[in-house]
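All remarks here apply to the structure that follows.
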Amino acid sequence: MPSLLALEPFAETMTAWRRDLHTHPELGFEEHRTAALVARELRAAGIAVEVGVAGTGVIGTIRGTAGGGAGNRAIGLRADMDALAMQEVTGAPWASLSPGRMHACGHDGHTAMLLGAAQWLAANRGRFAGTVHLIFQPAEESRGGAQAMLAEGLFERFPVDAVYALHNLPGLPLGTVAVPKGAVLASSDTWEVTFRGCGTHGAKPHLGTDAILAAAAFIVALQTVVARELDPMQAGVISVGHLAAGHPEAPNVIPAEVLVRGTARALSAPVRDLLEARIGAIGRGTAAIHGVAAEPVYTRRLPPTVNHPAQAALMHRAAATTLGAAMARDDHPPITAGEDFACMLEARPGAYAWLGTGNPAHPEGWHHNPHFDFNDAALPAGAALFCGIVEAELGA
Ligand SMILES: [Zn+2]
Ligand SMILES: [Zn+2]
């Protein structure tokens, strides 16, 4: 197994890449400079490169030579490359030079770690048999990068028996790896219900039907789904984020139409099904009570990210072996954010881990915060974990 020390020689290079990427953040499907840097560094390490997968995606392929190169198993290691449409305020010497663009989720760190792992793997091909596909994915931040790669036949063109990814987590102590046994992140869906009544004068409600009152009753009833219909040991979230009706200059008019929009989150497919079914049924039911019409629309965006047990156990073992047992955890409470790696885990077995970047001396802030800056001290641990997974899966 590679130790953390084996990756330390790459720390300086990984830090330079990470800061360079941080200075030049690019939004999803626009990662042209990032993809060029990735392809250049992979080629420089003698790694076969395929570019233009789902636009700006890059795949590096390394074949192990152990056993005469006869290994026919393959795994995928995935890093996301995109930044966010935010204005950075860190004041770091490597702060973003692109106004309104920022690496506020640490994907610059993920890309640098997978590039660092690539260097070690390319130089140690004799330590594993089989194939490693390094998947540099575009557009993780709500732009459908994983889905686009899968739609372009990612796993048909680059077949894998298992796929792995990690994400930095400032709330976890630096260098710690946590691999949840099951649910890691929630499904992330949007929904809307349009209530249509018969608009009327605010002074003469009896001459119309009140879509506002129906929408109000709907919003209150909506919060009974999680409180009363969901098993208390399960998790789900329904939130209203947008409410639109009438005109601010016409408070004496009962409008004919009300639009309610929100998000729904679940950690399992059955809970997701329940939320979808009940949002629609409560919308139609409250509309019927108030004599108006309801039109519910539920849009499935991302499934829950759920680790496969065997691959989660393997990833935890790899973390314990490469980083030390004290740095490896096999649990972490699920988080109700979403992640498009969920789609890859629906397509192939695999696992997703949290990499701790927390350090009181490095107040990086939380993801999607304008003060966020990936903690470079975590780069060797992340790269070592990727290499450890390769040896655990394909080791000679
Ligand atoms: Zn993010
Ligand atoms: Zn992220």
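Just follow the structure's listing: the first ligand is 1, and inside any ligand the first atom is 1. The shown structure was predicted, so the numbers you read here are calculated from the model rather than taken from an experiment.
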Restricting Glu141 to its N/O/S atoms, the closest one to the Zn ion (ligand 1) is OE2
message = At less than 2.8 Å, would any N/O/S atom of Glu140, backbone or side chain, sit next to the Zn ion (ligand 1)?
response = no
Under a 4.5 Å cut-off applied to non-hydrogen side-chain atoms, are Glu50 and Phe158 in contact? yes
Report task. Would you check if the Zn ion (ligand 1) lies under 2.8 Å from any N, O or S atom of Cys105? Result -> yes
task: Please confirm if an N, O or S atom belonging to His367, backbone or side chain, lies less than 2.8 Å from the Zn ion (ligand 1).
output: no
Between Phe136 and Met149, the two heavy atoms sitting closest are O-CE, 3.9 Å
For a quick check under 3.5 Å, do Glu339 and Thr305 share a side-chain donor-acceptor pair by atom type? no
Query raised in the report: Under the side chain to side chain contact (heavy atoms under 4.5 Å, CB included) criterion, do His24 and Leu97 qualify, and how do the steps go?
Result: CA-CA 6 Å; His24 303 283; Leu97 291 179; 4.2 Å; yes
message: Quick check on the Zn ion (ligand 2): does His167 put an N/O/S atom closer than 2.8 Å to it?
response: yes
>> Measuring only between side-chain heavy atoms, which start at C-beta, is Val240 closer than 4.5 Å to Trp191?
In response: yes
